[in-house]
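Working notes, structure below.
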Amino acid sequence: METSLHIYNTLTRKKEEFKPLNDPFVGLYVCGPTVYSNVHLGNCRTFISFDLVNRYLRYLGYKVRYVRNITDAGHLENDSDEGEDKISKKARVEQLEPMQIVQTYTIDFHDKMRDFNTLAPDIEPTATGHIVEQIDIIKTILDNGLAYESNGSIYFDVKKYAETDNYGELSGRNIDELFSGTRDLDGQDEKRNATDFALWKKASPSHIMRWNSPWGIGFPGWHLECSVMSTKYLGEQFDIHGGGMDLKFPHHECEIAQNKAANGKHAVQYWMHANMLTFEGKKMSKSLDNSILPDELFTGNHKLLNKGYDPMVVRFFMLQAHYASTLDFSNEALEAAEKGFQRLMAGMSIVDALPVSESSDIETSAFRQKIEAAMNDDFNSPMVISHLFEVVKNINSIAEGRMKISDSEKEALSVFLKQIVFDVLGLKMAQESSNNDFMDGLMNIILDVRTRARANKDWGTSDAIRDQLAAMNIVVKDSKDGASWQVQ
RNA sequence: GGUCUCGUGGCCGAGCGGCUAGGCACUGGUCUGCAAAACCAGCUACAGCGGUUCGAAUCCGCUCGAGACCUCCA
């Protein structure tokens, strides 16, 4: 049983005990989105995964500085040298100012992150806000002889770097194979080797996002911003760097190389990679045209969906899988998650009203120990949830008088569950489908009529009301204490 | 083609050398005018074939199958 936090480090491919560089402070950097379109569900999974990490670190008492960037420049469309900047292209196509694109999708991103109840990062820097710093680091790398200028652009010299350092240490790539596999450069290329990547790109006359630099008008390379902003806000060395699995190569590999080329240090102590959300076994991505937008999922307005799901149901669904495993998305899986989530929340909502006894059959401290052990084991949220359902089972047993709980244990359980479910897992009660007094008033009248019909054994009226409401997706639930309703 | 990961009951998904994870579905029960809801109980799976071991879903080998990265992606 793990009594201290262990993290799977994708650099060493081992689970390692977490020891912050500067306890109790923890530096956490996560690669944020490129804001050229709406965030899709797969993106959200990564950020929810690292939200769990952030929340648990705070639960453990660490003083976390969470930095997550917004990529608003420099991210090229295709090959890291050929294509157009994604934001620039969108701006050109839609005839908008690039910063309009950035603003629109940054707002969308923030809205969705709020829907999913993720904690905002402490610092959210943008690439365009750090052009000066990016130019500075390029100068340093040039001075260190690990980059070269070519026709107004600056490229990182991977081959030179690989003479003293291990390019490929994170992704497990063999540098020689990398060179031999991509040898055939056409004569036009500005780069010395195909593996070299851009630190600064010369802007063509049509390129709208452009800045002045010692090498002429241009824009920064994509990989640079993360090196620069993590160093600026977390220092040359910091604790955890996270991102999606698909950023491992080349993005994170390049980041490592840039940092080492600039200051000789491997910045990151623990590399963490969140795995992909798949649909029918395939990675959800825009290019495969199988991605789903959060709003489509919330409303159910998508050809692949039978109905809409509350953001908390989606979050719960994601937390039922380990962050480092792929998670397959389907209607069935979501419906299962919805039922499970409701069961968990129902259990939580009756804790405070539980009858108490002198003695107690359950011990909150035992649950706490198991649940913390699960989280300590590389943030094993599925295991945590499994333990929580054990707790729910006990809560229900107490409610039905088959088990006992003491007053002090009840208090402890109530506090603990809120900590784990709300603060660490970041769940909250799902929004009532209809949370307004007008609707409640109407429904009370209707259910009151039905209750009176039932009292008179007028089953025809009673069932007609129930059936008609069901046709409107309103489910009537009868219990000993009267009828309640829910929009399905 | 290269690098790597994974194949768990009807579905999703933990576990990763010995103690039947969990959720959903399903079946039975309690409750109920009936149904639904809720609750309780049942449901003993680890791709195939070899090997290591007292013992393997878990380690090793092979076979089959799937996926990711190598080009933009979280």
| message | Categorize A/Lys283 for me: base, sugar-phosphate, or nothing, with a 4.0 angstrom heavy-atom threshold over every strand shown. | response | base

| field | Rounded P spacing from B/rG28 to B/rA35 in Å | value | 12 Å

| task | Sticking with atom C1', work out how far B/rA68 lies from B/rA57, rounded to a whole angstrom. | result | 24 Å

| Can a side chain N or O of A/Arg173 be found less than 4.0 Å away from OP1 or OP2 on B/rG2? | no

| Candidate nucleotides B/rA14, B/rA74, B/rC11, ranked by approach to the side chain of A/Asp246 - the nearest | B/rA74

| request: Using the C1' atom on both, measure B/rC4 against B/rA41 and round to a whole Å. | output: 44 Å

| query | Among B/rA74, B/rG22, B/rU32, which is the nearest nucleotide to the side chain of A/Arg454? | reply | B/rU32

| For atom CD1 of A/Ile465 and atom P of B/rA35, their distance in whole Å | 20 Å

| said: Just to be sure I understand the rule, does A/Asn380 reach a base, reach only the sugar-phosphate, or reach nothing, if contact means heavy atoms closer than 4.0 Å? | reply: sugar-phosphate

| message | Roughly how many Å apart are B/rC46 and B/rG10, using the C1' atom of each and rounding to a whole number? | response | 15 Å

| task | Go through the N and O atoms of the side chain of A/Asp478 and the base of B/rA35, and report whether any donor-acceptor pair is under 3.5 Å. | result | yes

| message | Side-chain N or O of A/Lys477 versus OP1/OP2 of B/rA36: is the shortest distance under 4.0 Å? | response | no

| field | Donor on one side chain, acceptor on other, A/Glu190 and A/Tyr155, under 3.5 Å | value | yes

| message | Taking only the P atom of each, what is the distance from B/rC34 to B/rU20 in whole angstrom? | response | 39 Å

| Is the A/Phe219 to A/His207 ring centre distance short of 6.0 Å? | yes

| request: Using the C1' atoms only, state how far B/rA47 lies from B/rC43, rounded to an integer number of Å. | output: 22 Å

| task | Map A/Gly42 and A/Trp459 onto RNA chain B by nearest heavy atom, then report which one ends up closer to the 5' terminus. | result | A/Trp459

| field | Euclidean distance, atom OH of residue A/Tyr167 to atom P of B/rU3 [Å, nearest integer] | value | 18 Å

| task | Examine A/His252 together with A/His273 and report whether their ring centres are nearer than 6.0 Å. | result | yes

| Geometric cation-pi criterion A/Arg68 and A/Phe47, 6.0 Å radius, 45° cone | yes

| A/Gln419 atom CD: more than 12 heavy-atom contacts under 6.0 Å | yes

| message | Just to be sure I understand the rule, does A/His40 reach a base, reach only the sugar-phosphate, or reach nothing, if contact means heavy atoms closer than 4.0 Å? | response | base

| said: Just the rounded figure in Å: distance from P of B/rU3 to CD of A/Glu253. | reply: 16 Å

| message | Please report whether the ring centroid of A/Phe341 lies less than 6.0 Å from that of A/Tyr309. | response | no

| query | In terms of side-chain heavy atoms of A/Met276, which of B/rA74, B/rG23, B/rC72 is nearest? | reply | B/rA74

| request: For A/Ala321, report the nucleic acid contact type (base, sugar-phosphate, nothing); a contact means any heavy atom under 4.0 Å. | output: sugar-phosphate

| task | Would you kindly check whether a donor in the side chain of A/Arg466 faces an acceptor in the base of B/rC34, or vice versa, at under 3.5 angstrom? | result | yes

| message | Assess, by modelled atom type and distance only, whether the side chains of A/Glu17 and A/Ser4 contain a donor and an acceptor separated by less than 3.5 Å. | response | yes

| Does A/Arg450 place a side-chain N or O at less than 4.0 Å from the phosphate oxygens OP1/OP2 of B/rA36? | no

| Can you tell which of B/rG15, B/rC34, B/rC69 lies closest to the side chain of A/Phe249? | B/rC69

| said: Taking B/rA74 as the reference, what is the distance to B/rA66 when you measure between their P atoms (whole Å, please)? | reply: 27 Å

| query | Looking across every strand, which nucleic acid part, if any, lies under 4.0 Å from A/Lys393 by heavy atom: base, sugar-phosphate, or nothing? | reply | sugar-phosphate

| Short side-chain N/O contact to B/rA25 OP1/OP2 from A/Lys339, under 4.0 Å | yes

| said: Within the 4.0 Å heavy-atom criterion, would you say A/Leu327 contacts the bases, only the backbone, or no part of the nucleic acid? | reply: sugar-phosphate

| Closest to side chain of A/Phe317, choosing from B/rA74, B/rC12, B/rC40 | B/rC12

| note | Among B/rG33, B/rC39, B/rA74, the one nearest any side-chain atom of A/Arg402 is B/rC39

| Does A/Tyr161 have its ring centroid less than 6.0 Å away from the ring centroid of A/Phe156? | yes

| Watson-Crick and G-U pairing of RNA chain B, under 3.5 Å, as dot-bracket with | and [ ] | (((((((..(((.....[...))).(((((.......)))))....(((((..]....))))))))))))....

| message | Under 6.0 Å between ring centres: does that hold for A/Tyr270 and A/His241? | response | no

| said: Using a heavy-atom cut-off of 4.0 Å across all strands, would you classify A/Ser462 as base, sugar-phosphate, or nothing? | reply: base

| Separation of B/rC4 P from A/Trp271 CH2 (nearest whole Å) | 20 Å

| field | Side chain of A/Ser325 - closest among B/rC72, B/rA74, B/rA14 | value | B/rA14

| query | Under 4.0 Å: is that the gap between some side-chain N or O of A/Asn275 and OP1 or OP2 of B/rA74? | reply | no

| message | Rounding to an integer number of Å, can you tell me how far A/Asp467 CG sits from B/rA35 C1'? | response | 9 Å

| query | Reckon A/Arg13 has a side-chain N or O less than 4.0 Å from the OP1 or OP2 of B/rU5? | reply | no

| said: Can you list everything that forms a side chain to side chain donor-acceptor pair (under 3.5 Å) with A/Asp157? Sequence neighbours excluded, please. | reply: A/Arg192

| Among B/rA74, B/rG23, B/rG13, which is the nearest nucleotide to the side chain of A/Ala336? | B/rG23

| said: Any donor-acceptor pair under 3.5 Å linking the side-chain atoms of A/Asn376 with those of A/Tyr56? | reply: yes

| Rounded distance in Å between the C1' positions of B/rC69 and B/rG55 | 38 Å

| field | B/rC72 OP1/OP2 closer than 4.0 Å to side-chain N/O of A/Lys89 | value | no

